[in-house]
Amino acid sequence: MNAAAAAAAATPFDERFLDETAPVHDHITDAIKAPDLLRLSDNVVLARFETLKVYAALGAVRTLLERGTVKPGQTLVDSSSGIYALALAMACHRYGLHCHIVASTTVDATMRAQLEVLGATVDQMPPSEDLRLDQEGRVRRVRRLLAERPGMHWMRQYHDAVHYTGYREFAALVDRALPDVPLTVVGAVGTGSSSGGLVQALRGRDRDVRLLGVQPFGSVTFGSEGFSDPEAIIAGIGSSIPFDNVHHDLYDTLHWLDFRHAMAGAVGLLRAHAVFAGLSTGAAHLVAGWEAARDLGRTHLVIGADTGHRYTDRVFARHREALDPRALEPHRITDLADLTPPWSAMEWNRRSYDVRGGGAVRAPAPAPTPAPVPAPANAQLVRATDSPRTHASGPLGVPDRENQTP
């Protein structure tokens with residue numbers, strides 16, 4: 001043994017990582033579904049996923065099979081801007097189902113190649129600068145497919161509450177890793193299933209949990225559709241159509257950010273913590289940093305939905321253009337009429353919001369914002385797992401209208 005090898009062999013290592021035997025998984029989805037938890041500061045923790053929606057896809061497909069709603073060998077179809085498509089393809093691979101994806105224009109060649117090798121068939125929308133037209137076109141294409149091939153099952157990730165089920169396992173992990181501390185979950189609203197499913201399950205465990213949702217300007221979900229962000233490519237964080245899986249009354253605070261601010265958060269996360277993550281994670285990271293500095297007594301959990309690979313050219317290659325996150329702060333508002341780019345923040349206070357009815361906001365039941373409490377000691381971050389409504393059911397188990405916009 002040479003001197004270098006001897007020195008390396010004698011180097012001490014952290015034996016905490018040997019506390020548990022590493023599991024041997026039967027399928028890749030078991031290996032990648034859970035996030036790595038990384039402490040970014042005393043009261044900010046990042047849940048870093050390779051592909052967040054593996055939880056949603058696995059939970060949904062497993063539940064549908066158990067109910068008999070879908071059968072082995074059947075074809076599942078849905079529209080996706082990227083990470084749900086990959087998650088659904090992997091879930092179908094695991095459970096012996098076929099997969100058909102109507103893909104957004106934002107799905108790149110790398111993602112498409114993975115989908116095709118996994119056995120999925122892919123319809124991709126033509127290039128478009130208008131993500132609203134892209135999203136509406138995808139929905140029309142799914143409807144045509146169902147008319148042509150009625151044996152397909154439409155997963156309806158935007159509407160079917162079955163996608164909430166998989167996040168119970170994520171909630172169990174968070175509950176075990178960050179016990180006995182008040183939590184503030186910070187994440188992109190998107191389809192509503194990830195942040196909503198996590199927080200709903202945590203509150204069901206009697207945890208003190210606030211939910212901060214992040215939206216882009218131009219999304220109908222929380223009333224910013226009157227704005228346009230020319231550089232917006234934050235696919236999946238907002239929507240041009242109503243999503244039934246967004247439960248507005250779960251949210252305590254809303255932040256709206258433009259592309260440049262999300263980019264600042266993503267580049268800042270890589271620069272400060274060596275974490276290469278996507279734009280929705282960057283946006284949540286920026287928001288969490290600002291909020292955490294003003295509420296030291298709560299642990300802020302940032303949802304990092306995916307890696308930064310599909311944003312390399314449009315975001316990270318332009319890192320010299322990125323704004324300094326330390327110099328940024330939101331315009332604080334009390335009414336949607338006062339929304340102002342590039343960054344606005346509003347206390348939502350768990351009120352309802354009728355997207356289809358012209359955006360009427362209904363006042364919430366009295367629920368005062370919790371006062372800040374003294375900062376807790378750092379919780380030990382560990383990995384934890386826990387074993388975990390119908391094809392046409394809505395968030396409350398009521399059948400959806402078949403003719404509504406998906």
Side-chain angles (χ1 to χ4, degrees), residues 28-29 32-33 35 48-58 60 76-93 99-139 141-142 155-158 163 166 187-195 214-216 218-219 221 231-241 243 245 259 262-263 266 276-284 303-316 406:
I28 187 61
T29 49
I32 68 171
K33 65 183 178 182
R48 179 195 175 277
F49 286 89
E50 181 175 336
T51 306
L52 164 68
K53 292 191 177 181
V54 170
Y55 271 133
L58 281 181
L76 308 186
V77 61
D78 214 344
S79 160
S80 174
S81 61
I83 62 174
Y84 179 78
L86 183 58
L88 183 60
M90 288 192 290
C92 288
H93 182 275
C99 180
H100 187 93
I101 298 296
V102 178
S104 168
T105 186
T106 60
V107 171
D108 61 17
T110 301
M111 177 70 74
R112 179 163 184 154
Q114 290 180 77
L115 293 172
E116 291 176 345
V117 172
L118 281 167
T121 51
V122 181
D123 277 341
Q124 185 156 15
M125 302 304 294
S128 172
E129 294 299 320
D130 188 329
L131 292 184
R132 178 184 179 89
L133 294 178
D134 173 80
Q135 195 167 40
E136 291 173 346
R138 283 185 275 139
V139 169
R141 176 58 182 154
V142 171
M155 290 299 293
R156 302 173 73 246
Q157 64 153 325
Y158 306 145
H163 290 89
V189 176
T191 66
S193 299
S194 56
S195 57
V214 180
Q215 282 273 275
S219 172
T221 309
E231 292 192 278
I233 56 168
I234 319 177
I237 185 173
S239 177
S240 64
I241 59 177
F243 288 168
N245 271 344
F259 166 80
M263 176 179 173
F276 186 49
L279 273 180
S280 67
T281 306
I303 307 302
D306 63 350
T307 66
H309 294 88
R310 62 179 174 153
Y311 300 105
T312 299
D313 292 338
R314 296 282 297 275
V315 175
F316 295 100

Chemist: To the nearest 0.5 Å, what is the distance between OH (Tyr84) and CG (Asp78)?
Modeler: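 Tyr84 OH to Asp78 CG: 5.0 Å, rounded to 0.5 Å.
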Chemist: Looking at every non-hydrogen atom in both residues, tell me the closest pair between Gln157 and Ser79 and how far apart they are.
Modeler: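 In terms of heavy atoms, the two residues are closest at NE2-O, 3.1 Å.
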Chemist: Rounded to the nearest 0.5 Å, what separation is found between the CZ atom of Arg156 and the OG1 atom of Thr191?
Modeler: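 These two atoms lie 12.5 Å from each other.
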Chemist: At their closest point, which heavy atom of Tyr55 faces which heavy atom of Pro35, and how far apart are they?
Modeler: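 The pair with the smallest heavy-atom distance is OH-CD, 4.0 Å.
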Chemist: Report the C-alpha separation of Leu76 and Cys99 in whole Å, then their side-chain angles, then the decisive distance to 0.1 Å, and conclude whether the side chain to side chain contact (heavy atoms under 4.5 Å, CB included) test is met.
Modeler: CA-CA 5 Å; Leu76 308 186; Cys99 180; 5.6 Å; no
Chemist: With side chain to side chain contact (heavy atoms under 4.5 Å, CB included) as the criterion, how do Ile32 and Val54 come out once you've worked through the C-alpha distance, each side chain's angles and the decisive distance to 0.1 Å?
Modeler: CA-CA 8 Å; Ile32 68 171; Val54 170; 4.1 Å; yes
Chemist: Roughly how far, to the nearest 0.5 Å, is CD of Gln215 from OG of Ser280?
Modeler: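 So the OG of Ser280 and the CD of Gln215 are separated by 11.5 Å.
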Chemist: In sequence, state the C-alpha distance, the side-chain angles, and the governing distance for Val139 and Ile241, and then conclude on side chain to side chain contact (heavy atoms under 4.5 Å, CB included).
Modeler: CA-CA 10 Å; Val139 169; Ile241 59 177; 4.1 Å; yes
Chemist: To the nearest 0.5 Å, tell me how far Leu115 CG sits from Met90 CE.
Modeler: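 With rounding to 0.5 Å, CG (Leu115) is 9.5 Å from CE (Met90).
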Chemist: I'd like to know if the side chain of Asp123 and the backbone of Ala103 have a donor-acceptor N/O pair within less than 3.5 Å.
Modeler: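 Looks like no, no N/O pair under 3.5 Å.
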Chemist: Taking Glu116 for its side chain and Thr121 for its backbone only, find out whether a donor-acceptor pair lies under 3.5 Å.
Modeler: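 Checking the backbone N and O of Thr121 against the side chain of Glu116, no donor-acceptor pair under 3.5 Å is found.
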Chemist: Looking at Gln124 and Val107, would you say the former's side chain and the latter's main chain have a donor-acceptor pair under 3.5 Å?
Modeler: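 Between the backbone of Val107 and the side chain of Gln124 there is a qualifying donor-acceptor contact (under 3.5 Å).
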Chemist: Specify the closest pair of heavy atoms between Ser80 and Ala85, including all atoms of both residues, with the distance to one decimal.
Modeler: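 Answer, listing the atom of Ser80 first, then Ala85: OG-N, 3.0 Å.
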Chemist: Hey, does the side chain of Thr281 reach the backbone of Ala305 with a donor-acceptor pair shorter than 3.5 angstrom?
Modeler: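 Confirmed, Thr281 side chain pairs with Ala305 backbone.
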Chemist: Between Leu86 and Leu118, does a side chain to side chain contact (heavy atoms under 4.5 Å, CB included) hold up when you go through it step by step?
Modeler: CA-CA 9 Å; Leu86 183 58; Leu118 281 167; 3.8 Å; yes
Chemist: Atom CG of Leu52 and atom OG of Ser195: how far apart are they, to the nearest 0.5 Å?
Modeler: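 Result: 9.0 Å between the selected atoms.
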Chemist: With no hydrogens and no angle check, is any side-chain donor or acceptor of Asp306 less than 3.5 Å from a backbone partner on Phe49?
Modeler: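 Not confirmed, Asp306 side chain does not pair with Phe49 backbone.
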Chemist: Does the ring center of His163 lie less than 6.0 Å from the ring center of Tyr158?
Modeler: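 Not close enough - the centres of the two rings lie 6.0 Å or further apart.
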Chemist: Looking at Arg310 and Asp108, is any side-chain nitrogen of the basic one under 4.0 Å from a carboxylate oxygen of the acidic one?
Modeler: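 Here Asp108 does not pair with Arg310 in a salt bridge, since their nearest N and O are not under 4.0 Å apart.
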Chemist: When rounded to the nearest 0.5 angstrom, what is the spacing between OG1 in Thr110 and NE2 in His309?
Modeler: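 Thr110 OG1 to His309 NE2: 9.0 Å, rounded to 0.5 Å.
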Chemist: Hey, are the side chains of Val315 and Leu279 touching, using non-hydrogen atoms and a 4.5 Å cut-off?
Modeler: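 Yes, their side chains come closer than 4.5 Å.
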Chemist: Using modelled atom types only, decide if a donor and an acceptor are shared between the side chain of Ser219 and the backbone of Gly238 within a distance under 3.5 Å.
Modeler: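 Here the side-chain-to-backbone pair does not exist.
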Chemist: Can you name the nearest heavy-atom pair linking Ala284 to Gly187, along with the distance?
Modeler: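 For Ala284 versus Gly187, the nearest heavy atoms are CB-CA, 4.2 Å.
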Chemist: Does Lys53 reach the side chain of Ser194, with side-chain heavy atoms less than 4.5 Å apart?
Modeler: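 A side-chain contact is absent here, since even the closest heavy-atom pair is not under 4.5 Å.
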